[in-house]
Novice: 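Would you mind keeping the following structure in view while I ask a few things?
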Amino acid sequence: MSKISVSVVGASGFAGGELLRLLLFHPHVEIKQVTSERHYGKFVHKVHPNLRKICNLKFTGIGELEECDVLFLCLPHGEAQKQIDRFTSLAQRIIDLSGDFRLNDAQSYKRWYGHPHTRPELLSEFVYGIPELYRSKMSRARFVSSAGCNATATILALYPLYKEGIAQRNSTVTEVKVGSSEGGNKVSEASHHPIRHGCVRSFKPTGHRHLAEMEQELSFGESVTIHFSATSIEMVRGVLATSHVFLNRDLQEKDIWKIYRKYYGNEPFIRIVKERDGNYRYPEPKLVTGTNYCDIGFELDAQTGRLVVMSAIDNLMKGAAGQAVQAFNIMHGFAETTALEFPGLHPI
Amino acid sequence: MSKISVSVVGASGFAGGELLRLLLFHPHVEIKQVTSERHYGKFVHKVHPNLRKICNLKFTGIGELEECDVLFLCLPHGEAQKQIDRFTSLAQRIIDLSGDFRLNDAQSYKRWYGHPHTRPELLSEFVYGIPELYRSKMSRARFVSSAGCNATATILALYPLYKEGIAQRNSTVTEVKVGSSEGGNKVSEASHHPIRHGCVRSFKPTGHRHLAEMEQELSFGESVTIHFSATSIEMVRGVLATSHVFLNRDLQEKDIWKIYRKYYGNEPFIRIVKERDGNYRYPEPKLVTGTNYCDIGFELDAQTGRLVVMSAIDNLMKGAAGQAVQAFNIMHGFAETTALEFPGLHPI
Amino acid sequence: MNQNVTCPVCDAVFEVAENVELNELLTCPDCGSELEVVNLKPLEVAEAPQEEEDWGE
């Protein structure tokens, strides 16, 4: 079986580097070109040192892109929209890791991103990039728009509860604890080590952009509001989303187990983590570092009807590159875990 | 080709867990039994949570050990010596990750461990576990004794310089910066988080046990002294050894490059890391986390003739389980990188 | 022939060896709860009491 030729556009960022790490070990992939304007002509391992001795590719310029089977786009916000026609002329399939084509609805895009979408007619061409929600559509799709990291963690935690209709729609409060790699590799005052180290920084108490995707995927036709906040902590990779869901009926722990088993029992990348003893009783971000897992746990407060759901991912893996490769595997009919087998490290 | 049956004795520790992580993905290995007295009957993933959904094995007792092809021993100090006859009767090949059979000479064992070795006649049966030094002997060996983590990092850095005889034998000063996982999973006051966090703890300024192996492997027949200290820092996995070598002749930077290329140019797990720019110019432990790499870098102070050599490993991988699997591959004629391909993560 | 049993805590159905004994302790593979065999014919399990270790700050 001949290999799939793949190019990565904008590969000098953290997500682009993680994508390369995975694709270099994918048995059915041949990496053709890797672009970065800033690092044009440099060895890829200069920017991604974990690829030393593994990859001798050099960055080329976006202007020199040639035809290939699949293009992964890891461009800054707005760039994919601008150059989409060129990309679709170069490749049969496109997986975009940016936010450009995540939303189905142009109005919602304008509301959340503050400026109108430049190619609204293409929005419906892109399948939203969470395989656990859109596996069959993805298997027939030409374009996939990878989901945001905080959105992925929150949506996967809440999806079964909202689909079954057991949650009070507009009462859920979710707070994500996140690491510094979510900000990408652009340096700033705020990410300067003596300032960033040891922070418990409430950087987005309200109005986080990923909210748009959450409300889109959890609405099932009726508008829904998720009360979302984000706090960055002393971590590089990792998201822990803690969601407070107020149930609209009396349920027991066993009912919750049944619902999660119904939706995720056969999912290769979702583990239900809820244990009575041991050092890791609920999902723990460091345990999924480098893996494509989303661990989900919960605890039910029967008196108040509050269900606390915890979900942990690696924002660069299930929240970006890993999920993009999972979508790639589905689009090509490969085993979904191909190149995504790394089990994570302990202790770490 | 039928699989090799492997059992891991004392598999509830950090090194045992890391070994399982590697062996579970080794194409030629069938894991037969995994023993732990303390966790008898429990699921392995209760102790090694990164193996959730990957491994359904349960711990059995050491008394129930059956015959198999290879036994990996991860027992506390002194246990392998005590039960060696039973183990050699159960398995054709043994790889011992403890310090019991690392030293060739019984006197030196008594000096460093404070009590006589109980089976001195077996010491010469074990090949010392650094493949880069003993690859051919290992390929014919029945028993291998895996090297200590600090010793591995220091020996690999100094070996070419001492073999070429360009170092003043008794002047080298080496300080390792290490993580908390070196202490294993036994809890203590000193490892209690509020006390251990943020430490820069000079826990062994002198008299570190691993010195015995360093002096054994760097002597080449003449006694040698390495002035060794260990400092634990805010890290879980990782060793950075900084060695100050005083050369006995005038040399230039390119002479040093030549020597390291001569010894390590074709080694799959050694990378020479010495770069003029970028964020990672010398070896960096976090970049080799989870990998079997030993990265080596250096800087020559021509005025004083001091060569500073930096070497970075993951103490649980090249310093323990990874190197044990590397030896396993050599002993069975498998490609040396089998099950050891993980390239490491960036950012981390 | 193995028998199936349902975990009272998480409702998972899992296989148990045919020669399981009364009062034997089992671990539910899904939620990890400790279960005790309280009846053989029909096979029934109940949650085994677990002392609460302290965990976390």
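Chain naming here is simple, since letters A, B, ... match the order of the sequence lines and numbering starts at 1 in each. What you see below is based on every heavy atom in this structure, not just the backbone, and it leaves out hydrogens, waters and symmetry mates.
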Novice: Do other residues, nucleotides or ligands put more than 12 heavy atoms under 6.0 Å from N266(A) CG?
Specialist: no
Novice: Please determine which of K254(A), K274(A), R261(A) meets the side chain to side chain contact (heavy atoms under 4.5 Å, CB included) test together with C10(C).
Specialist: R261(A)
Novice: Select one option (side chain, backbone, both, neither) describing which atoms of R271(A) are under 4.5 Å from chain C's heavy atoms.
Specialist: neither
Novice: Looking at D250(A), I want to see if its CG is surrounded by more than 12 non-hydrogen atoms of other residues, nucleotides or ligands under 6.0 Å.
Specialist: no
Novice: Output the distance between atom CD (Q252(A)) and atom CG (D11(C)), rounded to the nearest 0.5 Å.
Specialist: 10.0 Å
Novice: Identify which of S33(C), C7(C), C31(C) forms the greatest number of heavy-atom pairs closer than 4.5 Å to chain A.
Specialist: C31(C)
Novice: Go through the steps to decide whether V9(C) and R276(A) satisfy the test side chain to side chain contact (heavy atoms under 4.5 Å, CB included), and finish with yes or no.
Specialist: CA-CA 11 Å; V9(C) 174; R276(A) 295 275 176 87; 3.6 Å; yes
Novice: Using salt bridge (charged side-chain N to carboxylate O under 4.0 Å, His left out) as the criterion, list what pairs up with E15(C), not counting sequence neighbours.
Specialist: none
